[in-house]
Amino acid sequence: MRIVADLDRCVGAGQCVLTDAELFDQSEEDGTVRLLAERVDGEALDHARQAVNICPSQALSLTED
Ligand code: SF4
């Protein structure tokens, strides 16, 4: 699965980083999400799903491609 981040929706809340700091970081400029990995499986996929669920602005999604 691939993580997709919509930076127009991201409000820089940082919840995603708390789920997995190896998948997500935040811009030092405006706090918006930076993806550290795109393709995820196994435990990383579980963490990515958590991030998708807790992101307050629905900025994250997972896609099959
Ligand atoms: S949790 Fe959502 S709004 Fe917050 S930084 Fe991550 S993607 Fe952006």
Side-chain angles (χ1 to χ4, degrees):
M1 299 285 279
R2 185 167 66 87
I3 308 171
V4 179
D6 182 345
L7 295 183
D8 290 332
R9 296 188 72 111
C10 176
V11 295
Q15 299 300 310
C16 52
V17 180
L18 298 178
T19 65
D20 193 331
E22 292 184 6
L23 293 181
F24 304 101
D25 195 5
Q26 286 178 273
S27 161
E28 290 187 9
E29 283 153 29
D30 59 7
T32 54
V33 66
R34 293 291 175 266
L35 298 179
L36 302 180
E38 279 201 358
R39 306 263 167 205
V40 286
D41 56 19
E43 195 178 4
L45 177 56
D46 290 342
H47 293 167
R49 285 206 170 100
Q50 278 177 29
V52 168
N53 288 332
I54 66 169
C55 173
S57 60
Q58 284 91 50
L60 299 173
S61 56
L62 285 163
T63 172
E64 294 276 359
D65 63 54

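Whatever order the structure lists them in is the order used to number ligands and atoms, beginning at 1.
- Scanning both residues, Ala5 and Leu60, for their nearest heavy atoms gives CB-CD2, 3.8 Å.
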**OP:** Let me see the working for Leu62 and Val4 under side-chain contact (heavy atoms from CB on, under 4.5 Å), right down to the final yes or no.
**Re:** CA-CA 6 Å; Leu62 285 163; Val4 179; over 6 Å; no
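- Panel note: side chain Arg2, backbone Thr63; no donor-acceptor pair is recorded below 3.5 Å.
- With hydrophobic clusters built from ILVMFWY side chains whose heavy atoms lie under 4.5 angstrom apart, Val11 does not share a cluster with Val17.
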**OP:** Give the C-alpha distance, both sets of side-chain angles, the deciding distance and a yes or no for side-chain contact (heavy atoms from CB on, under 4.5 Å) between Arg34 and Ser27.
**Re:** CA-CA 6 Å; Arg34 293 291 175 266; Ser27 161; 3.4 Å; yes
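- Distances under 2.8 Å from atom 8 (Fe) of ligand 1 pick out the protein N/O/S atoms Cys10 SG.
- Note that CG of Leu18 and NE2 of His47 are 12.0 Å apart. Values are rounded to the nearest 0.5 Å.
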